[in-house]
Amino acid sequence: MPPPLTPRRHQAALRAQEAVRCRCIPHRTLAPEDIHSLAGADVSYTGSCACAAVVVASFPDLAPIECATAVTIIRFPYAPGFFAFREGPALLKAFHSLTTRPDIAMLNGHGYAHPRRIGLATHIGVLLDLPTVGVAGRPLVGTFREPGPDPGATEPLVFEGEQIGLALRTRTASRPIILSAGHRTDLALAEEIVAATLRGGRMPLPLLEAHRCAAALRAAVVHGR
DNA sequence: GCGACAG
DNA sequence: ATCTTGTCGC
């Protein structure tokens, strides 16, 4: 089990987030037509290990290009608002083992839609100086009106009087997913990328593939011990 | 003080 | 997230 989040570590984490947030470029630095490859990343857990998977595919056809994985010992407890410290090490390790550098990456978690505007997607993007977008299954902070029932319906996610993300209905009868900008991107680009990678599931295909890959890695890790 | 709280 | 079988529905 990872060591507890003592007041000391908590304060250190807050300072680290602030330092990373200052380095975030909060606007798009690439146009949709400049995106030729895209990565999806997710992490699975065994209890003591974080199993990360990054899948890279061509864009917009999503033909498989490469997949990288990495396993690390979990050294940070589960604490909403501090995912980067828990999953970051494994994700960075996986990204660094890639042969090709994707033009943009989507992470399973929030980007700007975070209490301090520095969620996992933004954090990882800054450390790799890679354009990123955050995609989560539910909001961490903020509220939104229920989007219409049809796929494509959206409603702004608002927190502290500011729109921090977007609730998007991707499938009829499924809870909307939450999108937010990461590093070197904006909410509009995040929406374009997600919309272009949906293939009938609640979550965009790249994240579903990363999820399955991470789950398979987890199974292999559990098996071999 | 109580409850909520990405994966 | 993870522990867990079958099951209802498109």
Side-chain angles (χ1 to χ4, degrees), chain A residues 1-2 4-5 10 13-14 17 20-21 40-54 69-92 94 105-125 132-144 149-151 157-160 164-183 187 190 194 198-204 206-223 225:
Chain A
M1 296 295 112
L5 183 54
H10 184 273
L14 286 176
Q17 286 190 319
V20 173
R21 190 181 66 72
D42 191 21
V43 177
S44 190
Y45 302 93
T46 65
S48 58
C49 293
C51 308
V54 177
T69 61
V71 179
T72 63
I73 296 297
I74 297 176
R75 38 169 285 181
F76 203 90
Y78 167 74
F82 298 93
F83 272 29
F85 302 94
R86 184 178 173 76
E87 306 188 343
L91 285 170
L92 293 174
M106 48 173 48
L107 288 286
N108 190 314
H110 295 297
Y112 190 78
H114 177 279
R116 291 171 293 284
R117 314 297 195 275
I118 181 66
L120 174 70
T122 306
H123 197 122
I124 296 301
T132 58
V133 301
V135 181
R138 56 184 173 180
L140 171 57
V141 293
T143 59
F144 62 89
D150 301 325
L157 174 65
V158 179
F159 180 59
E160 301 179 329
I164 59 174
L166 190 72
L168 168 67
R169 177 88 64 193
T170 56
R171 249 179 16 173
T172 304
S174 282
R175 283 181 305 159
I177 61 175
I178 308 299
L179 319 181
S180 61
H183 184 239
L187 192 52
V194 170
L198 286 173
R199 293 292 187 281
R202 183 169 90 108
M203 297 293 264
L207 284 185
L208 292 179
E209 298 184 316
H211 187 19
R212 292 168 188 146
C213 187
L217 173 61
R218 172 189 175 290
V221 171
V222 172
H223 210 90
R225 66 167 194 176

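In the text below, chain A, chain B and the rest are named by the order of the sequence lines, each starting its count at 1.
Between A:Tyr78 and B:dA6 there is a side-chain polar atom (N or O) within less than 4.0 angstrom of OP1 or OP2.
Residues satisfying the ring pair (Phe, Tyr, Trp, His ring centres under 6.0 Å) criterion with A:His114, sequence neighbours excluded, are absent altogether.
For the pair A:Gly111 and A:Ala121, the tightest heavy-atom approach, listed with the atom from each and the gap, is CA-CB, 3.9 Å.
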Would A:Ile164 and A:Val141 count as a side-chain contact (heavy atoms from CB on, under 4.5 Å) if you check the C-alpha gap in whole Å, the side-chain angles of each, and the deciding distance to 0.1 Å? CA-CA 9 Å; A:Ile164 59 174; A:Val141 293; 4.0 Å; yes
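With hydrogens and angles ignored, the 3.5 Å screen pairs a side-chain donor or acceptor of A:Arg169 with a backbone N or O of A:Ser174.
In summary, contact between chain A and DNA chain C, defined as any nucleotide atom under 4.0 Å from a heavy atom of the protein, begins and ends at C:dA1 to C:dC3 in the 5' to 3' direction.
Counting any heavy atom pair closer than 4.0 Å across all strands shown, A:Phe82 reaches a base atom. As judged by a 4.0 angstrom heavy-atom cut-off over every strand, A:Gly81 is placed among the base-contacting residues. A:Thr46 comes within contact range of no nucleotide atom at all, as no heavy-atom separation falls under 4.0 Å. Using a 4.0 Å heavy-atom criterion, one finds that A:Ile178 contacts no nucleic acid atom at all. When heavy atoms are screened at a 4.0 angstrom cut-off, A:Arg86 is found touching base atoms of the nucleic acid.
Once the 5.5 Å centre distance and the 30° plane angle are applied, the aromatic ring of A:Phe83 is found stacked with the base of B:dA6.
Using a 30° and 60° split on the angle between ring planes, A:His123 and A:Phe85 fall in the perpendicular class, above 60°.
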